Amino acid sequence: GHARALLALENQDKQTEFAQKIINESLSVRDVERLSQERRREPSTTKAQKPKNDQPALDPDTAEVVDKLRYRFGTEVRIIKGIKERGKIEISYYDTDDLNRLLDILLVK
């Protein structure tokens with residue numbers, strides 16, 4: 001449960017920093033989920049970053065869907081809009097165990 005909440009964070013440095021906080025403060029999974037959501041809601045203090053792979057910025061509704069999918073799957077998720085109404089949903093995984101975990105969620109085993 002802790003790892004799932006950590007994977008929802010966007011970069012590895014934040015994940016590592018947050019993992020150390022979990023250990024130091026003996027945080028529960030619920031505490032971690034709450035703090036993770038709060039961190040994602042905070043406005044960034046750095047310059048706005050250009051979307052990866054030169055993808056155009058997502059509209060607010062689509063961005064909200066991406067956030068919900070990231071939380072649900074506990075990993076990086078991207079929506080890539082194509083021509084007209086077409087597109088792709090990209091779900092990242094980090095090793096075979098992570099892939100199997102995602103398949104369990106997607107296939108509702």
Side-chain angles (χ1 to χ4, degrees):
H2 287 88
R4 184 175 182 180
L6 284 174
L7 287 173
L9 294 173
E10 292 174 2
N11 74 40
Q12 196 170 9
D13 292 334
K14 284 184 181 181
Q15 291 173 349
T16 304
E17 175 187 327
F18 212 59
Q20 193 60 48
K21 182 178 178 100
I22 291 168
I23 294 166
N24 292 342
E25 298 178 20
S26 302
L27 298 175
S28 71
V29 174
R30 297 293 169 242
D31 292 335
V32 173
E33 289 171 347
R34 182 182 45 78
L35 290 172
S36 176
Q37 285 179 344
E38 287 172 6
R39 279 203 173 178
R40 282 185 281 154
R41 277 190 227 128
E42 291 175 0
S44 178
T45 56
T46 61
K47 279 187 179 178
Q49 293 180 353
K50 192 174 185 180
K52 293 178 186 173
N53 296 334
D54 297 323
Q55 288 293 316
L58 297 174
D59 62 86
D61 292 332
T62 305
E64 183 179 350
V65 170
V66 169
D67 284 343
K68 287 179 181 179
L69 290 171
R70 283 179 180 159
Y71 179 76
R72 172 72 174 105
F73 295 121
T75 192
E76 180 64 29
V77 175
R78 290 182 20 179
I79 292 181
I80 304 164
K81 291 193 172 192
I83 299 171
K84 297 185 182 183
E85 296 293 314
R86 300 183 85 166
K88 296 182 204 176
I89 298 175
E90 209 174 79
I91 303 170
S92 297
Y93 63 92
Y94 304 97
D95 57 28
T96 304
D97 290 337
D98 198 32
L99 173 60
N100 288 329
R101 178 187 64 81
L102 290 168
L103 291 172
D104 286 344
I105 294 168
L106 289 166
L107 301 175
V108 191
K109 285 187 176 180

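Being a predicted model, the structure only gives us computed values, none of them experimental.
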Gap between atom NZ of Lys68 and atom CZ of Arg72 - 0.5 Å precision
13.5 Å

CD1-CG distance between Ile105 and Asn100, expressed to the nearest 0.5 angstrom:
11.5 Å

Within-4.5 Å side-chain heavy-atom neighbours: Arg78 and Ile91
no

Is there side-chain contact between Tyr94 and Glu76, with heavy atoms separated by less than 4.5 Å?
yes

What are the two closest heavy atoms between Val66 and Val77, and how far apart are they?
CG1-O, 3.3 Å

Can you give me the closest heavy-atom contact between Leu102 and Tyr93, atom names plus distance?
CD1-CB, 3.6 Å

Can we say Asp104 and Arg101 salt-bridge, meaning some charged N sits less than 4.0 Å from an Asp/Glu carboxylate O?
no

Check whether more than 12 heavy atoms from other residues, nucleotides or ligands sit under 6.0 Å from atom CD1 of Ile89, and answer yes or no.
no

Would you sort out whether Glu90 and Ile80 count as a side chain to side chain contact (heavy atoms under 4.5 Å, CB included), showing the intermediate values?
CA-CA 8 Å; Glu90 209 174 79; Ile80 304 164; 3.4 Å; yes

